[in-house]
Amino acid sequence: PLITGSGEARGDPSYKFPADFTPALKSGFEIAPTDEPVVETLPDDKGFALVASAQVVQAAPAPLQAIRDKVQADWVHAQALQKAQAFAKAVASKATGKTSLAEAGKAAGKPIPSQSVSLRRIQLSQMGDKVPAPLRAIFSTAAGKTQTGADSQGQGFFVIKVDKIVPGNALNQPGLISEVQNEFREPLAQEYAQELIAAIRESVKVRRNEGAIAATKKRITSPAE
């Protein structure tokens, strides 16, 4: 059937382009009907594909009848997200002072699920790049303030409120202190060495003979005759 550059057939949602022929699909959309056929190597030594463009249909919106269900679902989803975002902002605006998020949700017109967490910044670093967006937002929000954000899966919005910030105390983490000291030890030693060399050069008035340096470099790097 007629397919798009992603291998989808608008007239047949159940159609699946064979994954083994992906190189042929890419080439098919790069050549014109007047171009010569091209040969593509299939992955995993599965052979070759002769690719020619038989018919090109100019890009145009799909008939509404063919995509009505998807358009309707997308519209409903977009409307739901708009309402969810507006409600999240309403909750955030009401969660002031000692008002909890649960109480703010009721005041905004709808009970919402809420969860209380106590988190240290070091725990975020241990998560690497898998830190959920709400947890990242916690550490960029001042005490007593709220913040809203979109769910990473596009399914809704979250609201966070920071009740209290406790300053960290490195003395409670002797292992971490030693780790940081070790991380600084080598760069500091290198920096001290560079400063010493620079001071020596300045003290004895070292000057660079660029011509001699270039000639030596050329002699060393030139191929032997």
Side-chain angles (χ1 to χ4, degrees), residues 5-6 19 22-23 26-27 30 40-41 43-45 81 85 88-89 91-93 95-101 104 114-225:
S6 60
T22 300
K26 184 175 183 297
S27 296
E30 291 177 348
E40 289 290 350
T41 303
D44 301 326
D45 296 328
L81 286 181
Q85 185 178 28
K89 291 181 177 180
V91 171
S93 66
T96 57
K98 295 184 178 180
T99 304
S100 67
L101 289 178
S114 62
Q115 180 180 2
S116 178
V117 297
S118 178
L119 197 67
R120 294 185 300 165
R121 187 179 292 274
I122 190 174
Q123 292 177 266
L124 263 64
S125 63
Q126 294 170 347
M127 296 180 187
D129 58 352
K130 298 180 180 179
V131 181
L135 298 188
R136 285 199 304 270
I138 288 176
F139 288 94
S140 62
T141 306
K145 301 297 183 180
T146 60
Q147 188 176 159
T148 64
D151 171 64
S152 59
Q153 302 298 320
Q155 298 301 311
F157 293 83
F158 64 83
V159 184
I160 63 102
K161 179 183 179 182
V162 177
D163 294 321
K164 182 172 63 173
I165 297 177
V166 179
N169 187 351
L171 295 178
N172 296 330
Q173 299 289 331
L176 179 61
I177 294 176
S178 299
E179 182 180 339
V180 174
Q181 287 176 334
N182 291 332
E183 290 179 356
F184 275 100
R185 184 171 289 116
E186 183 176 347
L188 279 175
Q190 293 178 353
E191 184 175 342
Y192 286 147
Q194 292 172 357
E195 291 181 355
L196 176 61
I197 293 173
I200 292 174
R201 285 176 173 172
E202 181 63 25
S203 175
V204 299
K205 304 301 180 185
V206 173
R207 296 293 181 268
R208 290 170 58 91
N209 188 329
E210 299 296 343
I213 293 174
T216 302
K217 182 178 180 180
K218 181 178 180 181
R219 185 176 70 253
I220 294 174
T221 58
S222 297
E225 295 181 356

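When reading the values below, keep in mind they use all heavy atoms of this one structure, side chains included, and skip hydrogens, waters and symmetry mates.
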### Message
Checking side chain to side chain contact (heavy atoms under 4.5 Å, CB included) between Ile160 and each of Thr141, Thr146, Val117, which is the one that passes?
### Response
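Running side chain to side chain contact (heavy atoms under 4.5 Å, CB included) over Thr141, Thr146, Val117 with Ile160 returns exactly one hit, Thr141.
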Return the [atom1] to [atom2] distance between [X] and [Y], rounded to the nearest 0.5 Å.
X      : Y      : atom1 : atom2 : value
Arg201 : Arg208 : CZ    : CZ    : 7.0 Å
Ser140 : Lys145 : OG    : NZ    : 14.0 Å
Ile197 : Glu195 : CD1   : CD    : 11.0 Å

#### Entry: Neighbour count above 12 (heavy atom, 6.0 Å) for Glu202 CD
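It does not: Glu202 CD has 12 such atoms or fewer within range.
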### Query
Does the Thr221 side chain pair with the main chain of Lys217, one donor and one acceptor, at a distance under 3.5 Å?
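Yes, Thr221 side chain to Lys217 backbone: donor-acceptor pair under 3.5 Å.
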Which atoms form the tightest heavy-atom contact between [X] and [Y], and what is the distance?
X      : Y      : answer
Ala137 : Phe158 : CB-CE1, 4.1 Å
Gly144 : Lys161 : O-CE, 4.3 Å
Arg120 : Phe139 : C-CZ, 3.6 Å
Thr99  : Ala104 : CG2-N, 3.9 Å
Asp163 : Ala143 : O-CB, 4.5 Å
Pro23  : Thr41  : CG-O, 4.0 Å

